[in-house]
Structure formats: C-alpha cells, structure tokens
Undergrad: 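Submitted below is the structure of interest, expressed as structure tokens.
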Amino acid sequence: MFKKILIANRGEIAVRVIRACHEMGIAAVAVYSHVDRASLHVRKADEAYPIGAAAAAESYLNIAKILDVAARSGADAIHPGYGFLSENAKFARACADAGVKFIGPTAAAMDAMGSKTRARQAMERVGVPFVPGTSRGLESVAQAEEVAARIGYPVMLKAAAGGGGKGMRLVHASEELKSALEGARSEAERSFGDSEVYIEKAIINPRHIEMQVLADEHHNTVYLGERECSLQRRHQKVVEEAPSPIVDADMRRRMGEVAVRVAQAAGYTNAGTVEFLVDQQKNFYFLEMNTRLQVEHPVTELITGLDLVHLQIRIAAGERLPFTQKDVDIRGHAIECRIYAEDPDNNYFPSPGKITLLLAPSGPGIRRDSGMYEGWTVPMDYDPLLAKLIGYGTDREQAISRLTRALNEYFVGGIKTNISLFRRILRHPDFRAAKLDTGFLDRMLKQKEETPVDASADAKTAEIAVIAAGMFAVLGPAGAVPGERAEMGAERGDSKPPSNWKSAARREGLR
Ligand code: MV4
C-alpha cells in the first residue's frame, strides 16, 4: 500500500482526498499556487509545496512542477481529483514514466474514451446503444444532409474532441445544416484543435443519467448505480441525486450492464462514469465516458455505503475489488447541491472575496464536502465551487426535507453564494414531483417565482446575521444575547423566555 500520496488538485476535492488518505494511514502531500497558500487543503495536508502563480498553466496544470514535487516529497502515487490533469493522458503517461502511480485509468483507456467518435466506434463494436447518427466525423455537407434526412430532424452536430456541450449545434431544418456544420467545425478547431464533427439525432429535453463504474486491475468491473444529473445550467451540473427517480431495478441492471461493457471495451480500470441520454420513453443512449472521479461521487457513496476514494486508492495499489456485483446494494436517497461563490442577482457571476462569517449545517443525514472556512478569501482564479451539501434520507422526500433544513442553516457572510437557488429548486413542484429534464433549470430561471419569498427573506436573514455577528463581535460569548443564557439556562431549569433575536432568527430560518 502507498505510504504517501500527492493530491494534484485544490479546493473541496483535495480536502476530500486528503481525508481518505488520513483514514487509510497514508500521508498526504498538497501542492498549491500562490493564491491558495492559505487554502484548507494546504492546512490539512501533512506536507505542502508551492508550485507557482495562480494561473493553472503555471501551477495545477504544470506536469513538470507536480512531478518534481512528487520526487522531492517521495510520494508513491498521485491522485488528480477532477478537472485539471485528471483526464490528461500525457500526465498519466508522465506519472508512469516517473514511477509514480497515477490513481485513475491508464493513458490508453483515457485515449480510447477521449474522442467521442473513437468512443462511439468502440461502442459499435460491442453493441452498446448510442444515439442514431454517425460514429465518424462528417466528410461533407452532402453526407450530413444524407444522414440528417435518414435520422430525421432536429439533429445535433457535435465536436469529436468536445464535451460538456462545447461545439454543439442543434439543427432544425436542412437549410440551416451547411452554415451550422461550418460553424461547428471552426468552433471545434478553435476550442480543441480538432475540427472533426459528427451528427446525431437530437433528443428533445433528454435526461442526463450517468452510471458509476469501478474496475480493478484484475478484470473485475462493477456498476454502483446511477446518478440523475439533469439539473444543469450552461452544461454545469447544479443538483445531482442518486438513485434516479425514473430508474427501476430492471432499467438499472440494463444500464449498468451496458456501462460495464463500455468500461471493459476501453480496458478501463479504477473509477469511471458512463454518461447516458435518456428520452421520454426511457430509452437510454451512450453519450460519453468520463475517465475521472466526478464532483458528484458523494451521492453514490451515500446510497451504496462505499467510499469511492478509498476504493480508488486500493485499486491503484493493485488490490482486487473486495466485493462482487451481487453485493452492491442501493439504499435510501441522496441529493447534492453544489455551493458556488456566485451572485444569483448578477447572472451567477463569480463572487470572490473574504468569508467573514460561516454558519455551516450538520445533523442527521447531512454531509458537507467543503474547501472553505471562515476568514478564508475565495480566489477569483478558479472554478468558484466552495462546497457540496448533500442530504441523505431513507427516501427522496426525507432527503429533500433534510437538505431544505440544512440549507436554512447555511449562511456564508462576506461573499455571495447560490444557496438561495437551491431553496427555490427544492420547493419547486416539478422538482418535488421528480419531473426533471435537462431543460428544467432554464425553464425555472425564466419564471418569476409566484411567491418571491427568497429575495426578501434572504436580505432580512443576511441583515439579522450581520447584526447578530456584530453584537457577538462586541459582546463576545460572555455577553451572549440574553435569550442564549435563557436557552442555556433552560438546560439548567431557568425559566426566562428565549431572546427576540433568537425568535426572529428562527422565524427567518436561521436556526
Ligand atoms: C445531446 C442532446 C440532445 N440530443 N445529444 C450536452 C453536453 C454533452 N454531454 C451532450 N449534451 C447533449 N447532447 C443529442 N443527440 C442534449 C444535450 C444537452 C444536455 C445533455 C446532458 C445534460 C445537459 C444538457 C444540456 C443541454 C443539452
């Protein structure tokens, strides 16, 4: 087993991996850019090494600097987290060449799944259903017109090297096809240095459902259940849940077996995710495979009782999976909110700055994977994900009620966050009825909420919190608000009523 693991990442996922290392008795090495020198992952690591300026190319994307720290620290393995170098085949090769174990798939498996057309060709070979269309790049407008006529409009043009919605064009009629193809090609060339574009039948308002797979280095591959990831804004996931409300045991088995076939076709090892588009008739189609641990992995951990990072580390160390498919059990329901430093009143633009007050939720069924702390300054240089708040319950209703309670406990002072967005989503009737598809969030954000509770409640809550914080700062714990004494006193049998502040805070949802 490894003695020391370098985490080539930052933020909440770096903290998450460090925690797994410590639970396994493995030392954790952090790397950090200058602006991250006071970050939580630096504080929690056993050793921390500066690797350069804020720009990712100078730091978290710099292969040479990261491998240099691995050598200097004596790390025997590297966990890439997600984003940054996590799906970079060149980095996986460089780790192997340096004799440092990359905790993830091989470079060859990444290459096999990195190109959407190569992936579709692999699926064709093993009979995995993918959206009708071509599995190779389009050679000409004429060919595009011929395929589009065969599969029927609307069609979707996609960049082979793309992903996450970049380089996609929805085409409703043949007259639009030529210019859309030229546009998609030039965008693909600009964004990915590869102008290959293929065509698919467009699925209207699909669901995005993904299947977690796990494979050891001894050809054992299992699926761990699916995640419903349809609540996205601009191809950024906002809320994820497991299991999907529309997937029953039979559909889960069929999707899972397809996902395992995909992983085996790619020679996949370690944790991976097979993404599907699901249409209104619950037909599912292979979309792409993500060759990394996903942001939303906690919802799968909560319903299976497995720790995916522990398992990743054990697999990378050559261990066999300690269970088989029949042992995988789905129990309960988990829903995750991605807490971003974004301003909902300013088009969700990033809202960096100093966190002056942090009231964080906990209690039954609440998990918080966080990279922030009170007093920390959120840098503007990276993805503004602050934390993930996950609610778990025996069923979806209990998960929603716990998450709602926890969101009402969450307060981050000094910066804006999107916490209010989740309060709105969780009380939306279509969300509660599990009427989800990839257009849900766009439709909801276009609607003016019937009872605009949020804005006023949030403003008042924020005002109360700031005043309370001010009083606390001046009066300190000793001068606690009379009600608190009463509250504490109550534990000692005093009979004074709770203070007005506490009652007001309760009324406004600041528990
Ligand atoms: C599609 C589609 C409809 N039909 N392909 C978006 C990102 C990439 N993962 C694939 N995406 C889509 N591909 C066909 N043939 C609709 C989307 C899509 C989408 C898919 C999943 C989650 C969110 C989405 C938001 C917009 C469009």
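We use all heavy atoms of the structure for the numbers below, so side chains are in, but hydrogens, waters and symmetry mates are not. As the structure lists them, so they are numbered: ligands from 1, and atoms in each ligand from 1.
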Undergrad: Just to verify, which of Lys116, Arg169, Lys158 counts as forming a salt bridge (Lys or Arg N to Asp or Glu O under 4.0 Å) with Glu200?
TA: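 It is Lys158, the one option of Lys116, Arg169, Lys158 that forms the salt bridge (Lys or Arg N to Asp or Glu O under 4.0 Å) with Glu200.
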Undergrad: Show me a pair-per-line table, with atom names and distances to 0.1 Å, of protein N or O atoms that are under 3.5 Å from an N or O of ligand 1.
TA:
from	atom 1	to	atom 2	distance (Å)
ligand 1	4 (N)	Ile203	N	2.8
ligand 1	5 (N)	Lys158	NZ	2.9
ligand 1	5 (N)	Glu200	OE1	3.3
ligand 1	9 (N)	Glu288	OE1	3.3
ligand 1	13 (N)	Lys158	NZ	3.0
ligand 1	15 (N)	Glu200	OE1	2.8
ligand 1	15 (N)	Lys201	O	2.8

Undergrad: With a 6.0 Å cut-off on the ring centroids, do His428 and Phe440 count as close?
TA: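 Ring centroids of His428 and Phe440 are less than 6.0 Å from each other.
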Undergrad: Counting distance only, does the side-chain N/O of Lys388 pair as donor-acceptor with the main-chain N or O of Glu296 below 3.5 Å?
TA: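 Looks like no, no N/O pair under 3.5 Å.
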Undergrad: Between the side chains of Ser33 and Tyr382, does any donor sit under 3.5 Å from an acceptor?
TA: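 Yes, because at least one side-chain N or O of Ser33 sits under 3.5 Å from a partner of the opposite role on Tyr382.
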Undergrad: Under a 3.5 Å cutoff, is there a donor and acceptor pairing between the side chains of Asn205 and Gln280?
TA: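 Side-chain D/A pair, Asn205 to Gln280: absent.
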Undergrad: Salt bridge check: are Glu240 and Arg227 linked by an N-O gap of less than 4.0 Å?
TA: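 Judged by the 4.0 Å cut-off on N to carboxylate O distance, Glu240 and Arg227 do not form a salt bridge.
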